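Following: one structure in structure tokens, then a few remarks.
None of the values given here were measured: they were computed from a predicted structure. We name chains A, B, ... by the order of the sequence lines, and we start the count at 1 in each one.
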Amino acid sequence: MKRSNTPLHRLTNTALLTAIAFMLSYLEAILPFHIGIPGVKLGLCHVVTVFALRRLSAWETLAITAVRVMLSALLFGSVASLAYSAAGAALSLAVMLPLAQIKRNNAPVFSLLGISIAGGVSHNLGQLMTAAALMSTPSLGWYLPILLITGVITGGVIGAVGALAAARVPPRR
Amino acid sequence: MKVTRADLWLTATLLLVAVLVGGVLLTTVPRGSVVSVVVNDVEVARLPLDTDTTYSPANGYLFVIEDGRAYMEAAPCPDRICVHTGAISRVGETIVCLPGHVVITVEES
């Protein structure tokens, strides 16, 4: 019987997911989505992150995100966009990965939806803090309520999609 | 996928914080008296909010002060986020155009 959990299989799956995340990131970059508030984004690529949180190990999730951030910035970003993207991704992973581990009576306390909401909010917060640091305009407090709310909404939507994908995509045989 | 109680508490807390922060900002932050226009990290103008004016910080931009509020009427950038931002009037509020390196901030004096 063929084993499909070899390192090569895992590597290929991880690479495939990285490619998907990158394409989603590119798709979002070319689709206009402005609500008039700078920084409000869909975060499509985080569908892959949510999927990976459920189906892959933490290291693989980290690797996918790191490579996707670098690829996106290299191919259609700037140094500034790299900073924002990296900060958002770093903070959201720093929040999501531990949250996924919290268990009570051996069952996870947060569902993928809640984790994704937390991730969406912390992603926005990371980007807001980067903006404050880079633009030397410390008066960004006005963005806080808006980014909190949009973080919850986009995190919820992306989390729902990611959770559906994680449940429906058949596991490796 | 089951939505857990922890999820609901988390979401409710986040939304509550958002509403509280927004409420505090709206009630405590006063209207500013002057608007600072910065292009490429260089302040190019300080305009009083109580005087109706129009100003062009850079090519293609039209910035308007009217009735104590300030907004970007027109801009040449692709997304026009600075235009969609609407009017600002309270201290700390900003209109930003990243592609044009334009940052407009409301200040106290």
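B/L14 contributes atom CG, which lies 8.0 Å from atom CD1 of A/I117 (distance to the nearest 0.5 angstrom). Here the straight-line distance linking atom CG of A/L99 with atom CG of B/L10 works out to 7.0 Å at 0.5 Å rounding. The CG atom of B/L8 sits 10.5 Å away from atom CZ of A/F110, with the distance rounded to the nearest 0.5 Å. Note that the CG atom of B/L20 and the CG atom of A/L144 stand 11.5 Å from one another [nearest 0.5 Å].
Atom CG of B/N59 sits in a sparse spot, with 12 or fewer heavy atoms from other residues, nucleotides or ligands closer than 6.0 Å. More than 12 heavy atoms of other residues, nucleotides or ligands lie within 6.0 Å of OH in B/Y55, so this atom counts as buried by the packing criterion.
When all heavy atoms of A/S111 and B/V3 are compared, the pair lying nearest together is OG-CA, 4.1 Å.
Chain B forms the most heavy-atom pairs under 4.5 Å with one residue out of A/P108, A/A167, A/P145, and that residue is A/P145. For chain A, the option among B/V83, B/D7, B/T11, B/V19 with the highest count of heavy-atom pairs below 4.5 Å is B/D7.
B/V64 and B/V102 fall into different hydrophobic clusters, where Ile, Leu, Val, Met, Phe, Trp and Tyr residues are linked whenever their side-chain heavy atoms come under 4.5 Å apart, directly or through other members. Both A/I64 and A/V161 belong to a common hydrophobic cluster when Ile, Leu, Val, Met, Phe, Trp and Tyr are linked at side-chain heavy-atom distances under 4.5 angstrom. Neither A/M129 nor A/V69 shares a network with the other; the hydrophobic side chains, linked directly or stepwise wherever heavy atoms of I, L, V, M, F, W or Y lie under 4.5 Å apart, form separate groups for each. Transitive grouping of hydrophobic side chains (ILVMFWY, heavy atoms separated by less than 4.5 Å) brings A/I102 and A/L112 into a common cluster. A/I30 and A/V47 fall into different hydrophobic clusters, where Ile, Leu, Val, Met, Phe, Trp and Tyr residues are linked whenever their side-chain heavy atoms come under 4.5 Å apart, directly or through other members.
A heavy-atom distance below 4.5 Å is not found between the side chains of A/L148 and B/L15.
In this structure, chain B has a heavy atom under 4.5 Å from the side chain of A/V121, while its backbone stays farther away.
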